[in-house]
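The next block holds one structure in the form of structure tokens; read it before the comments.
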Protein chains: 2
Amino acid sequence: MTAETMNWIDRFEGLSKLEAPIRDILTNRSTVVSVPKDTIIFGPGKAPDHLLLLLQGVVRVQQLSENGREIVLYRVHAGESCVLTTACLLAYEDYSAEGIAETDVQAAAIPRAVFDDLIAQSETFRRFVFSAYSRRITDLFMVIEEIAFQRVDIRLAHKLLQLAGTGGAISATHQQMAAELGTAREVVSRQLREFQRRDWITQSRGAIEIIDRAALEKLAATES
Amino acid sequence: MTAETMNWIDRFEGLSKLEAPIRDILTNRSTVVSVPKDTIIFGPGKAPDHLLLLLQGVVRVQQLSENGREIVLYRVHAGESCVLTTACLLAYEDYSAEGIAETDVQAAAIPRAVFDDLIAQSETFRRFVFSAYSRRITDLFMVIEEIAFQRVDIRLAHKLLQLAGTGGAISATHQQMAAELGTAREVVSRQLREFQRRDWITQSRGAIEIIDRAALEKLAATES
DNA sequence: GATGTTTGGTGACTTCGTCACTGAAGCGAT
DNA sequence: ATCGCTTCAGTGACGAAGTCACCAAACATC
């Protein structure tokens, strides 16, 4: 229980220098939870009472609108924390963002009271938390900048490169790609058709494969 | 110096129940600064090393893009804190948002080290800070939702009502209104012309006056 | 193989963003 | 006052993006 369970702390950049007594609090007063893929971890009317530190897997945080459209805000990967949940804990208003397990997920859940203790007692932990906030806010700024000022073809090229594995294969429907960019399905379909016409990608139902990575990178690097 | 200077703490909802020793730290180790209108309080390459608590005035936080366009993210009013600056303190990346004094501004500046002390020692202060973060993040979510999913005429009507004083007068150029919404000046001009045609507003150089508030409210309440 | 569901394709149309240019309004200096 | 400069707003043409209604192909299920 000691060497084995304490190890997860070191997976977090920023927590490796954590003071010994704080490490103990963290290991003893948090629980490791497993969440199956596609579970809604938090969302409207489902406020979590724990801070989650992701050990394994990916959580997608997205925003829903009344008219059924959605946009992906950012992803939380292993080694990162879901600070939005702490924000949510204290939010007087409900907000409409939700977090979904994109893969099977393992996370360390820290109860609200323990979180408060850790913040009070450890400067290292404080740095970790505020740095996480900072990163998320920066992410949100980038999302705003992109949807407000960037053309969709550039953003789509960017996303394709970002989502593609080393082989260039992407498993996503046009609808899902539209949600990534916060636009409409038809817009994505048309852009992908154009990419295909230029032999930059090939498509099949629910899948996209990048053929000419260089061309997409060139488009993605376009200013304005 | 005592009764007079300690008073500003009570202007902050969330700090009124602050423990006495913490109040002392706050009053003795922070300085009240005055900033003239239009000063850039923080921005790219100008990272502040203080947390600011706004005593008087309004700070506008906005995002700039490479191609010269801009969008207003939110405003900080008296009684609120500029948490973004703390995020900025720890941000490893520079971000492109900037804070501008929209009026003459008075603020209590808390040095980074004192901020850390206060966070460590006072649960009340922690609540205050995290609650402020939560509010800002909610604001950013709303901005994203609006620019991604709302029509500009609805958003413009909304902004006009929001910016108008009790008399219905707004002092802003079309360019400034465009920045409020993150759109182009021509778009705002066309929409305002349409509003004027319907006798909802009157315009003159650098000023807009609301005539038919009810009509604008009806439009702003439109779904989708 | 028949049926229903999901996914993608399409055309027509509206809304929004961009570009290039015009003219009007305000302001300061002489 | 009036000349010149700067800021602000109006305009038309066009391209990009979002919306709507509908269809067809691919897949899933029975």
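First the proteins, then the strands, lettered A, B, ... as listed; each starts at 1.
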Exercise. Determine, stepwise, if the pair Glu70(A) / Glu98(A) fulfils side-chain contact (heavy atoms from CB on, under 4.5 Å).
Key: CA-CA 11 Å; Glu70(A) 57 189 61; Glu98(A) 63 174 19; 6.0 Å; no
Quiz prompt | Chi angles and distances behind the side-chain contact (heavy atoms from CB on, under 4.5 Å) call for Ile100(A), Ile40(A) | solution = CA-CA 5 Å; Ile100(A) 295 182; Ile40(A) 298 178; 4.3 Å; yes
Quiz prompt | Full working for salt bridge (charged side-chain N to carboxylate O under 4.0 Å, His left out) between Glu194(A) and Arg198(A) | solution = CA-CA 6 Å; Glu194(A) 179 61 17; Arg198(A) 299 187 190 179; 2.9 Å; yes
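Side-chain nitrogen and oxygen atoms of Thr183(A) include at least one within less than 4.0 Å of the OP1 or OP2 phosphate oxygen of dG18(D). Neither OP1 nor OP2 of dT6(C) sits under 4.0 Å from any side-chain N or O of His174(A). Phosphate proximity of dT18(C) to Arg69(B): present, with a side-chain N or O under 4.0 Å from OP1 or OP2. Taking 4.0 angstrom as the limit, Ser189(A) places none of its side-chain polar atoms (N or O) nearer than this to OP1 or OP2 of dT10(C).
Asp212(A) and Asp199(A) get closest at one heavy-atom pair: CB-O, 3.9 Å.
Residue Arg190(A) places no side-chain atom within donor-acceptor reach of the base of dT10(C), judged by atom type and a 3.5 Å distance cut-off alone. For Arg151(A) against dG17(C), a side-chain-to-base donor-acceptor contact under 3.5 Å is absent. A donor-acceptor contact under 3.5 Å links the side chain of Glu186(B) to the base of dC19(C).
Where Gly182(A) and Arg205(A) each meet DNA chain D at their nearest nucleotide, the meeting point lying more 5' is that of Gly182(A). Along DNA chain D, the nucleotide nearest to Arg155(A) and the one nearest to Gly206(B) differ in position, and the one closer to the 5' end is contacted by Gly206(B). Taking for each of Ala148(A) and Arg193(A) the nucleotide of DNA chain C with the nearest heavy atom, the 5'-most of the two is the partner of Arg193(A).
One interatomic measurement links the two molecules: CD of Gln196(A) to C1' of dT10(C), which rounds to 15 Å at whole-angstrom precision. One interatomic measurement links the two molecules: CD of Glu194(B) to P of dT11(D), which rounds to 12 Å at whole-angstrom precision. For the pair Glu66(B) CD and dT18(C) P, the interatomic distance rounds to 12 Å; values are reported in whole Å. Spacing between atom CD1 of Ile154(A) and atom P of dT18(C) amounts to 11 Å, rounded to whole angstrom units. Atom P of nucleotide dT18(C) and atom CD of Gln175(B) are separated by 12 Å, given to the nearest angstrom. One can place CG of Asn67(A) at 14 Å from C1' of dC20(D), the figure rounded to the nearest angstrom. In this structure, CD of Gln150(A) is placed 11 Å from P of dT18(C), rounded to the nearest angstrom. The nearest whole Å value for the distance from the CD atom in Gln176(A) to the P atom in dT6(C) is 13 Å.
Side-chain contact between Val188(A) and Thr183(A) is present, with at least one heavy-atom pair separated by less than 4.5 Å.
Between Phe130(A) and Tyr133(B), the ring planes are tilted. Angles from 30° to 60° get that label.
Ranking dT10(C), dA9(D), dG9(C) by closeness to the Arg185(A) side chain, first place goes to dG9(C). In the set dC16(C), dG17(C), dG8(C), the nucleotide with an atom closest to the side chain of Thr173(A) is dG8(C).
The residue Gln191(A) sits close only to the backbone: its heavy atoms come under 4.0 Å of sugar-phosphate atoms, none of a base.
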